[in-house]
Amino acid sequence: MATGRTREMTSVAPAARDLAELRAELRAWCRANVPTGWRRAQTGIGDEEFVAFQKDWFQRLRRAGYAVPHWPAEWGGGMSAAEQMVLYQELAAADAPRLVLAFVSIHHAASTLLTAGTDEQRRRHLPAILDGELWVQGFSEPEAGSDLASLRTTARRESRPGGDVFVVNGQKLWASGAVHADWCLLLARTDPAAPKRRGISYFLLDMCTPGLDVRPIRNAIGDAHFCEIFLNDVEIPAENLVGPENAGWQVAQATLAAERGMTMLELAERLGNVGLRALVDTCRTPGPDGRRPIDDTLVRDRLAGFDAEIAGLRALCRDLVERHDTGAVGPADASVVKVYYSELLQRLTGFGAEIAGLAAHTELAKPASSGWESGAWLLDFLGSWEWTIPGGTNEIQRTIIGERGLGLPREP
Amino acid sequence: MATGRTREMTSVAPAARDLAELRAELRAWCRANVPTGWRRAQTGIGDEEFVAFQKDWFQRLRRAGYAVPHWPAEWGGGMSAAEQMVLYQELAAADAPRLVLAFVSIHHAASTLLTAGTDEQRRRHLPAILDGELWVQGFSEPEAGSDLASLRTTARRESRPGGDVFVVNGQKLWASGAVHADWCLLLARTDPAAPKRRGISYFLLDMCTPGLDVRPIRNAIGDAHFCEIFLNDVEIPAENLVGPENAGWQVAQATLAAERGMTMLELAERLGNVGLRALVDTCRTPGPDGRRPIDDTLVRDRLAGFDAEIAGLRALCRDLVERHDTGAVGPADASVVKVYYSELLQRLTGFGAEIAGLAAHTELAKPASSGWESGAWLLDFLGSWEWTIPGGTNEIQRTIIGERGLGLPREP
Amino acid sequence: MSTYSATTVSATTAPATGAATDEAEQLRAELRAVARDLLASGAAPSAGTPSAGERKDDGEADWAQLAEAGWLGLEVPEQLDGAGVTFAETAVVCQELGRAAVRAPYLGTAVLGAGVLLAAEPCAGRDELLGALASGAPRLAVALPTGDAALGARAAAVSFRLAGGAGGATTLDGRADFVPDAAGADTLLVPALDEAGAPVVVRLDPAQPGLEVTETPVLDVSRGVGSVAAAGAVVDPGAVWPLVGDGWSALRLLHARAALAVACDALGVAEAMMETTVAYVGVRQQFGRPIGSFQAVKHGCADMFIQVSVGRGLVADAVRALASVGQDVGGATAPDLAEDLAAVETAVSRAKSYVGAAAVDVAGKAMQLHGGIGYTWESGVHRYLKRAALSRSLFGSPAAHRARLARRFD
Amino acid sequence: MSTYSATTVSATTAPATGAATDEAEQLRAELRAVARDLLASGAAPSAGTPSAGERKDDGEADWAQLAEAGWLGLEVPEQLDGAGVTFAETAVVCQELGRAAVRAPYLGTAVLGAGVLLAAEPCAGRDELLGALASGAPRLAVALPTGDAALGARAAAVSFRLAGGAGGATTLDGRADFVPDAAGADTLLVPALDEAGAPVVVRLDPAQPGLEVTETPVLDVSRGVGSVAAAGAVVDPGAVWPLVGDGWSALRLLHARAALAVACDALGVAEAMMETTVAYVGVRQQFGRPIGSFQAVKHGCADMFIQVSVGRGLVADAVRALASVGQDVGGATAPDLAEDLAAVETAVSRAKSYVGAAAVDVAGKAMQLHGGIGYTWESGVHRYLKRAALSRSLFGSPAAHRARLARRFD
């Protein structure tokens, strides 16, 4: 079994030869480490089993140096953008499980801490995350979805003998994985009198604090990874504020930006590997009449269309990552990728469901730890709305593209 | 040769047997009267020849009683809605030429006169229209397209020894057929101080009046049937006002409604007859490699899709006509038909152009007197925007459907 | 109380003059209104109301209530205690069941069961079953092939065969999957080819030896489908009933009826999704205004309206065509039968292909425009999306129906 | 003044290290900027400006100016007076020509002409022609088959045959339609199979007996296409040049180059239409506000942006693949040639199928969002829509390219 090598961490782009070496190393590692048959094993399992599997997989990646490649070297990361691209390409090619459970921890939480946290906050949490500390994002509310800035959860500063605390009341929605989370990235209104975006603060909230109530919400495919969080006089120590008081909106923008770039590239690679392979498999599977869909020019045409569109997606993502690297990201580039990816995913999974026909309806569960292209097409199709709705619906994204990307006038 | 029979004109729906008789009569008439080979003969001709052909065809229909079936019996029409449906179905099935030149005269002008004109105005113009008087619609302006109510052409009432006149100044655009027109349906602002829709009046304008200047505009397919009309101190006698002064907007609504219903049914029938036949012909024509597109399941699938969609269009149009007849037209029904027809036309002609491939580019002219499905697919495709843009763009129509048809809230 | 009994509707059996047609349409409108009320009030969960979760998750309807409403014997002749009306009325119920996303063995019993029995030559066994239909006592399933292949070669429209056994006994072999309401049926009706190759219908007890009926769990819990497999199942000769005419026409009509009933269901689903979305976006506020005031949302709803309108027209055309050919299929008075059947199949394929795809589109758009709420289990939008997806595949995918339509252009 | 001469760009022939690649990209960006200026200022009508009508209706570019700018010999080796760069630079010019909807025999001369000459084994005649290219003196046309069939069987990629005549003379027979820039060419280059069945290129004078070159008028007046027909045309043995390698690889690369050049043109068209639309809807007022502030219009523009972005990515991938395989096609140093060629064809088919369709969509959307103005002849939007439509068909329709892509899944 290969182990993570010690690598020189510099910001200089690695030479092509080094990348080829990394690729070979990754292939060997994946062959030795990706659990065979994990998809079947992860289908229809309980929550506990899923969590255990995810935690194990995370530690395996961590030991090899592949868990947080995007973090700075001093915290355990340090891969260049080009190296990360190779990493995600190879993980996707090897159909490795996804880091579902730790997603918010290693991306949003880490990004928040690294860009806006104090040294103390970083020291406390970054190593803990590597050890398995789990985070949840507490941003959306029932009345604040796409219009996030209208959130109503309040945080009132009060003096206590041990130092100031913020007393939080309100309700959060769509908090993915809240039942497993140790900590929460919380947005709450600290100045009700200020304009919408000016009165919000950003907190780190220990999920063990009294006054918290977490209730899972079943989603359209029957999973319950989304949760509601009810906050009733929950007290957060003032030192858990991130960034200045009332500047939480700006901190959140940075956090949200972490969803983009390399994570989109990872998704694109998965769609282009296991996704397209599964679709081709479905098209090659003879129907009840013995005919293979792929022998129909209609099906071939659609399949080739998806092949081209996925290639386009990968090109977009590579471009986005390169722009991130050179600081040349346009204000709507991430929105372009999100709209295009999510709608391509929706069309592709919808086509899979159509081609699989009646048989698609009998796939009652999809593997946990997989992406949105498991080959249980009808569930994948339903799951695709998880991409067209959250994080700003595609309607909102198109407005962003029009206004920030193309400079079109805002609505009056 | 069959001639128009004298028919009992009542508002009672005709029995099925009478409709079958009418159908038989029409088939015989079409066999005897539709000029054979008119499509080829009308391709690449000059304007004069086109006008002569249209006038001759109109008189032929008129003699048979088929030119203005929707007018009241006393003016020379009198067919029930069910009978008109049969008429248009048969004209389409026989691929008869369209009444292009007289369209505004027999629909918009007649509808205006019948619903809002004075007896004197009707007596003067309705018989004249049957004799060939041509009309043009002078509504749109450069700055008033979809937002028609923002029109700027002014009409100032002034006293003259022979009676009051309105002195008109301004510019009209998209006046289809203005070069051939004897009269114009004109909208102009008579009260600049009133709210947008409250200060507009509706006039009948003699196109021989001094101060008028008509300039053809070439459109995307190279025709010049659209025109600009410049009005420079043009004087209209007050008796040519239609409806009360400043109530022109309401009169215009009635005029615009005349574009709908039966004329849409006619277009649907044409798309379902000559349109679909031409498309099937294109798909049956072997390409340079000797293969027929129709032998490809991809093409078959699209073709069958169009067949179904056209059947849906016909059903919509029949429904619309029946609702017109019973006074049960919903406030967005006409918009639904327009959006659906125009986009179906665009997709169908676009597909024709795709299937015809390189050969489609060599069809440099399409027959005059035809609809938008001549089989010169690329020109037909370009022409399809003549349906998605004018009379309120499809964007506007969708807003109408949402607000008036579904009761959704207006933009604030 | 029967809200749609034989007596209520017998007037519609008058000759189809204009006036009578209007009357029939009025009665159908009444039937629709009653059905909508009934299904909304008690028999089914409605979309968009979180309280739906309190009901049974699969939205099972109260079967006795459906029987009482007079919906189960709509097409059964009056002398057999039915309402003696046409498929046009059955279509109304199918659409309303879809609209309410209700689970009920209506397709198996009242659509396909009644259909295949009406297509069988009258005999005691058949008449007895037909006569009991309206009461809701029998729950039927008809083992037709439900996939795309059935739209192809003639022989693929039936997947069971009768054979003479060694001891003179007649036995049945074959298999059909995704058979509507198979698992809950107390009586199976199996279209099969007899030893002479002619289509017949065989009545069987699902529990008998040689026969295996298995529920197939599907994502759409609002429907029951299952597989029916026969391997040397011994058949009672008195339970083999010939179909009217040469049998093949009756079989074709049965398939048309199946596909169209599913299209009606899908149309109901699309209507429900349009209406619940319009209601939601009219009240849901974001950015200080109802989201339905934004063009992107408004135009999305307009597109739903267009698709539903077109779907309605195509379904109405097909229902009219099917209802008019109706019971004539076996009569010697139908010289134009082949042409009529072709016209019915064309209309049905247009409707099924268009509405099958449109209902999935509309339900998907509904999920999108409901935002996060639409993606929850509780909103019920997913029920409709799954139901629409199953309807798209059942009794012929859009592509399969279009392939059949395309043959007209050869 | 040559704005892009051999000396300017010779740096890019350095080994492809990271730094050199950046430099090459910077030079291409410069080339693009210069081309845009030049074509916008003098050589072509621009979209959306009514004053365009004052220029020649077909938007003919000033050929001498293109030569002076150094665009005609981009890929010609420096020792033959060219710039010695790659297809990546040619692609920039193609895209800019499309963006300006300019008429110029660039495709015939600098893309296909240069391409086929570079693929021929060096010899005096070939070198002389290549050496003259940069000056703009020769106007070439290459009689490749331009339709979908050329993407099918290998033999369909060439439609002319050489045969030994009675008196020992070699004669040419065959036909190609929609050949770019055929009618204006002073020299024809005809890919053909020789008597042994090997691909060669034949140089011909269009005016010679046995050869008929006819202009084919098409709706897109911004392009010239024509047919080339040979019936027993006598061929000078010295004008028959073998292609490098086995010839077939060179031929495949030539077709890839043709399709990709057209895709670049289409991408330029789409970019122009997006930009002119965004500019128009930002200023056009209706209902008291710029129409670009309405979501329906804004989101339409966003869709254009997405399509153009994806198209750019696919074209860039294909250009990179083609440019990298570039001149290696005949070398013995290319053991992976078959794999490289397959990769090039895959990338080209993805780009051509996507951008071919997207450019028509974007130009159509541009017409819609321009409203009535867009439907006028004067607006010039129709020019772009016609050009996009011709590009969609030329050198393989989207469906034909997808059919080729699909073979990878067999």
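This one's a predicted model, so the numbers in the text were calculated from it and none came from an experiment. Within every chain, numbering begins at 1; the chains are lettered A, B, ... in the order of the sequence lines, protein sequences first and strands thereafter.
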ask   = Which bit of L406(B) comes within less than 4.5 Å of chain C, counting heavy atoms only: side chain, backbone, both or neither?
value =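 For L406(B), heavy atoms of backbone and side chain both lie under 4.5 Å from chain C.
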Measuring heavy-atom distances to chain C, does I400(B) have an atom under 4.5 Å in its side chain, in its backbone, in both, or in neither?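 Nothing of I400(B), per the 4.5 Å heavy-atom cut-off to chain C.
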**Q.** With sequence neighbours excluded, residues passing ring-ring contact (aromatic ring centres under 6.0 Å, His included) with F351(B)
**A.**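 ring-ring contact (aromatic ring centres under 6.0 Å, His included) check on F351(B) returns F306(B).
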Hey, which of A308(B), A332(B), P409(B), P412(B) has the most heavy atom pairs under 4.5 Å with chain C?
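Max contact count across the listed options: P409(B).
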Original post:
What residue in A315(B), G305(B), A304(B) has the most heavy-atom pairs under 4.5 Å with chain C?
Top reply: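 Looking at each option in turn, the highest pair count goes to A304(B).
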Please report the closest heavy-atom contact between V310(C) and G312(B), naming both atoms and the distance.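 In this case the closest contact between V310(C) and G312(B) is CG1-CA, 3.9 Å.
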- Determine the minimum heavy-atom distance between V355(C) and A263(C), stating which atoms define it.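 That closest heavy-atom pairing would be CG1-O, 3.5 Å.
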### Task
Would you sort out whether I306(C) and V339(B) count as a side-chain contact (heavy atoms from CB on, under 4.5 Å), showing the intermediate values?
CA-CA 8 Å; I306(C) 294 169; V339(B) 169; 3.5 Å; yes
- Task: Could you tell me which portion of F305(C) (side chain, backbone, both or neither) has an atom closer than 4.5 angstrom to a non-hydrogen atom of chain B?
- Result: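 Just its side chain gets close to chain B.
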Atom pairs, donor to acceptor, chain C/chain B, distance under 3.5 Å:
residue: K298(C); atom: NZ; partner: E403(B); partner atom: OE2; Å: 2.5
residue: K298(C); atom: NZ; partner: P409(B); partner atom: O; Å: 3.0
residue: H299(C); atom: NE2; partner: E395(B); partner atom: O; Å: 3.3
residue: H299(C); atom: NE2; partner: T399(B); partner atom: N; Å: 3.4
residue: H299(C); atom: NE2; partner: T399(B); partner atom: OG1; Å: 2.7
residue: D303(C); atom: OD1; partner: R398(B); partner atom: NE; Å: 2.7
residue: D303(C); atom: OD1; partner: R398(B); partner atom: NH2; Å: 2.9
residue: D317(C); atom: OD1; partner: R318(B); partner atom: NH2; Å: 2.7
residue: D317(C); atom: OD2; partner: R318(B); partner atom: NH2; Å: 3.3
residue: R350(C); atom: NE; partner: D307(B); partner atom: OD2; Å: 2.9
residue: R350(C); atom: NH2; partner: D307(B); partner atom: OD1; Å: 3.0
residue: R350(C); atom: NH2; partner: D307(B); partner atom: OD2; Å: 3.3
residue: R402(C); atom: NE; partner: D301(B); partner atom: OD1; Å: 2.8
residue: R402(C); atom: NE; partner: D301(B); partner atom: OD2; Å: 3.4
residue: R402(C); atom: NH2; partner: D301(B); partner atom: OD1; Å: 3.4
residue: R408(C); atom: NH1; partner: D307(B); partner atom: OD1; Å: 3.3
residue: R408(C); atom: NH1; partner: D307(B); partner atom: OD2; Å: 3.3
residue: F409(C); atom: O; partner: R284(B); partner atom: NE; Å: 3.2
residue: F409(C); atom: O; partner: R284(B); partner atom: NH2; Å: 2.5
residue: D410(C); atom: O; partner: R284(B); partner atom: NH2; Å: 3.4
residue: D410(C); atom: OD1; partner: R300(B); partner atom: NH1; Å: 2.9
residue: D410(C); atom: OD1; partner: R300(B); partner atom: NH2; Å: 3.4
residue: D410(C); atom: OD2; partner: R300(B); partner atom: NH2; Å: 2.9

Q.
I'd like to know whether L276(B) forms a side-chain contact (heavy atoms from CB on, under 4.5 Å) with L271(B), so could you lay out the CA-CA distance, the side-chain angles of the two residues, the decisive distance to 0.1 Å, and finally the verdict.
A. CA-CA 6 Å; L276(B) 191 58; L271(B) 194 59; over 6 Å; no
| Could you go step by step and tell me if V337(B) and C317(B) meet the side-chain contact (heavy atoms from CB on, under 4.5 Å) rule? | CA-CA 7 Å; V337(B) 172; C317(B) 290; 3.9 Å; yes
Item to complete: For H255(C) and A157(C), indicate whether the former's side chain and the latter's backbone hold a donor-acceptor pair under 3.5 Å.
Response: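 Such a contact is found between H255(C) side chain and A157(C) backbone.
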